[in-house]
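Each remark here refers to the structure printed beneath this line.
When a ligand or atom number is given, it counts from 1 through the structure's own listing order.
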Amino acid sequence: MKILVTNDDGIYAKGLWDLAQELKQIGEVLVIAPDREQSGVGTSITVSQPVRINKIKPPIAGVESYAVEGTPADSVIFALRLLSKDSVDLVMSGINEGENLGNDILISGTVSAALQGYFNGLPSIAISVAIPTTEGQFYTEAAAKLAGVLGKLACQGELPQKLLLNVNLPNLPLKQIQGIEVTRLGQRSYYEEIKEDDKWKRGYYRILRHNPAENEQSGTDIWAVRRGKISLTSLHSDLTSPHSPPIEELCQALSAGLRILT
Ligand code: MN
């Protein structure tokens, strides 16, 4: 059993090593992660320049570890295509410091690393813990234990091969967690504030993301985590809308405009 462990918070993030430590008890762990924080880079892969991979001395003994000067998705691709050809059984991404709920999954490096595993036909799991609302501790114990249970299930062949699982936990000690729910993606929307950053040079701007407006509709990932529960959302990569906006009429108008027969 070989488990690939990665993240988007960077190779020295606490959550990554808490995850590796737990999974080391179950199988061989390979850690490969960006050399710096890459939160929010989404599914980005580096194709325009070479990427340096450095073998590092891991903070926990006996774990082969690499830092990549690239993205979370790059890290998984290098792991599967270069460092551990055809021998990875499970991909785990996290433990991310900060939740990945609702449409966060579309920009999340944590989820995107798991997505690369999923594209390669491996059971792949993204694990995130909500950020504290006030200054506080980042609790990873429950997330690490949950990863351990999932690892054991994978070891026994009890995880489906075609699995992309997005797990979010409240930022609570294990004993205070209120349950576990299968959820669907909720809706949250951000208002991005733009600030000029002229500390070094004029013409530089920053995108500031504030707390999103959330819809806590029952059965969603947001709803579960806000109630102190663990949220399990099964994802797939087909973004085709199941709803039906007036796209048929648009198609007709386009075919008329372009004089193409439908
Ligand atoms: Mn992150």
Within the side chain of K24, is there an N or O that forms a donor-acceptor pair under 3.5 Å with the backbone of A61?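 Checking the backbone N and O of A61 against the side chain of K24, a donor-acceptor pair under 3.5 Å is found.
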Enumerate, atom names and distances included, each donor-acceptor pair closer than 3.5 Å involving a side-chain atom of residues 2-14, sequence neighbours excluded.
residue	atom	partner	partner atom	Å
K2	NZ	S84	OG	3.0
T6	OG1	I32	O	2.7
N7	OD1	G10	N	3.2
N7	ND2	G10	O	2.9
D8	OD1	S39	OG	3.3
D8	OD1	T110	OG1	3.2
D8	OD2	G109	N	3.2
D8	OD2	T110	N	3.2
D8	OD2	T110	OG1	3.4
D9	OD1	S39	OG	3.0
D9	OD2	E97	N	2.9
K14	NZ	D18	OD2	2.8

With 2.8 Å as the limit, jot down which protein N, O or S atoms are around the Mn ion (ligand 1).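 Per the 2.8 Å query on the Mn ion (ligand 1), atoms found are D8 OD1, D9 OD1, S39 OG, N96 OD1.
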Does a salt bridge link E141 with K175, judged by any charged N lying under 4.0 Å from a carboxylate O?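 Judged by the 4.0 Å cut-off on N to carboxylate O distance, E141 and K175 do not form a salt bridge.
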Over all heavy atoms of both residues, which pair between F138 and I95 is shortest? Give the atoms and the distance, please.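 It is CZ-O, 3.9 Å.
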Pairwise side-chain contact, R206 with E193, heavy-atom cut-off 4.5 Å (strictly under):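 No, too far: nothing below the 4.5 Å cut-off.
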Is N215 close to T220 at the side-chain level, that is, under 4.5 Å between some pair of heavy atoms?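 No - every pair of side-chain heavy atoms lies 4.5 Å or more apart.
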